[in-house]
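What follows is a single structure, written as structure tokens, with notes after it.
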Amino acid sequence: MWLAKARTPTLTMFICLTIIFSIAIALSGSLDIHRGASLLDQADGIDASHPELLAEAIVYLQPAAEHESNDPLTLRYLARAYRASGQQEKAITVLERARYLNPNSLLVKWELVFAYRDAGRPDYLLEKELGYSPEALIVAAEQGLESEHYQETLQLYSHLAKHWPEHYSQEMAFCHLIAAISLLDGLPDFLRESEEKFTRYYAVGDGIPHSIVPGFELRWVYPNCGTLLNSQHGGADAIFWWGGRGSIIVEVRQPGLYQFHVSALNDDPPPVEMLFGINGRPVHSVSLTKGDRSWETIVLTIPLSKSVVSFDVWFVNDFADPVVDRNASISQVEIVRVQFDSDGS
């Protein structure tokens, strides 16, 4: 009896220590994944093959992948680091494990296609399954934008630019930039230098007090990424004939507080419901309720860092029947500085 009582605290302590140890390992794995992913994003923001950051990312991600060997996302992070550092065979091994765990993942399959191609031994069976072509890749990239899988989308457009440059149009360059800006909260130098010529920027700050963007300059992010929002009618206004996201790219030359004056139509039937945001993240919602087809100015005040950003518009309550058709229309967006930060005034 005495022995049984004596063992009880020891057993309890052992169980507690085991639980604490397990939690510590799990937290350590999560921190390694977070740190490794952060280093990968930093590498993307400087140069897709920045060696020091990639090597450090691998140091964190290798043990995380060993601990989380059944987590496809962790494996894909590690494979991404291997691919960017030129270790294609290691990337293939890791991605094959990810495909085994998640056999229906199109993203994993596309990443495998790229890894096999870069390793010089294409997997033609997998390419046939995916319908490997520039058209299929463009469709997959647009799906990635809509589902906000920006890192995967960035890879798809980079592959398109490298292997099918004849299909890498101004529209595709715009989509490529949107994916990078949404992922990195800015435009990495390696993309800015090679693609700035493709896409029109609107600058504000640093001697430019305001900038006016005609409605027809807005482009679809989805659907039909890169297409101008006036492509259906050729007029001066951007018209959302259906629900989706449209964007413009703005170069903010000084950090501070900015106002976006958006001229939008009170279409019938009301309300016309829209979201407005920066870099793919909504920050304001607006409901136009008049339904009299008058134009209304929406004023949005948004703090911005010195960077290249996307100003985004979502039309969220499209409606049509045989009698009426609700659309969202924008005639212009004026960007006005309100004040600069103390270090940018």
Ring pair (Phe, Tyr, Trp, His ring centres under 6.0 Å) filter on Trp110, not counting sequence neighbours, yields Phe114
Within the 3.5 Å criterion, strictly below it, is a donor on Ser247 or Asp312 matched to an acceptor on the partner's side chain? yes
Are Phe276 and Phe260 close enough that their ring centers fall under 6.0 Å? no
For the CG atom of Leu107 and the CD atom of Glu152, what is their distance to the nearest 0.5 Å? 5.0 Å
Residue set satisfying side-chain contact (heavy atoms from CB on, under 4.5 Å) with Pro134, at least two apart, ordered chain then number -> Leu160, Trp164, His167
Assess whether salt bridge (charged side-chain N to carboxylate O under 4.0 Å, His left out) is satisfied between Asp118 and Arg83, documenting all intermediate values. CA-CA 8 Å; Asp118 289 342; Arg83 287 194 61 230; 2.9 Å; yes
Please name the residue in the list Gln87, Glu89, Gln62 that meets the side-chain hydrogen bond (donor to acceptor under 3.5 Å, both in side chains) test with Tyr82. Gln62
Sidechain N-carboxylate O distance under 4.0 Å for Arg293, Asp267: yes
Quick one: do the Asn224 and Thr227 side chains pair a donor with an acceptor below 3.5 Å? no
Would you call Arg245 and Glu146 a salt bridge, using N to O less than 4.0 angstrom? no
Donor-acceptor pair, side chain of Ser294 and main chain of Lys290, under 3.5 angstrom: no
Side-chain hydrophobic cluster, 4.5 Å single linkage: members besides Trp295: Leu265
Taking the side chain as every heavy atom from C-beta outward, state whether Val108 and Glu96 have any pair of such atoms under 4.5 Å apart. no
Considering the options Lys109, Arg117, Arg121, which one meets the salt bridge (charged side-chain N to carboxylate O under 4.0 Å, His left out) requirement together with Glu127? Arg117
Qualifying residue, where the test is ring-ring contact (aromatic ring centres under 6.0 Å, His included) with Trp220 and the options are Trp241, Trp242, Trp314, Phe315: Trp242
So do the side chains of Ser158 and His176 get within less than 4.5 Å of each other, counting heavy atoms only? yes
Side-chain touch Val262/Thr297, heavy atoms, less than 4.5 angstrom: no
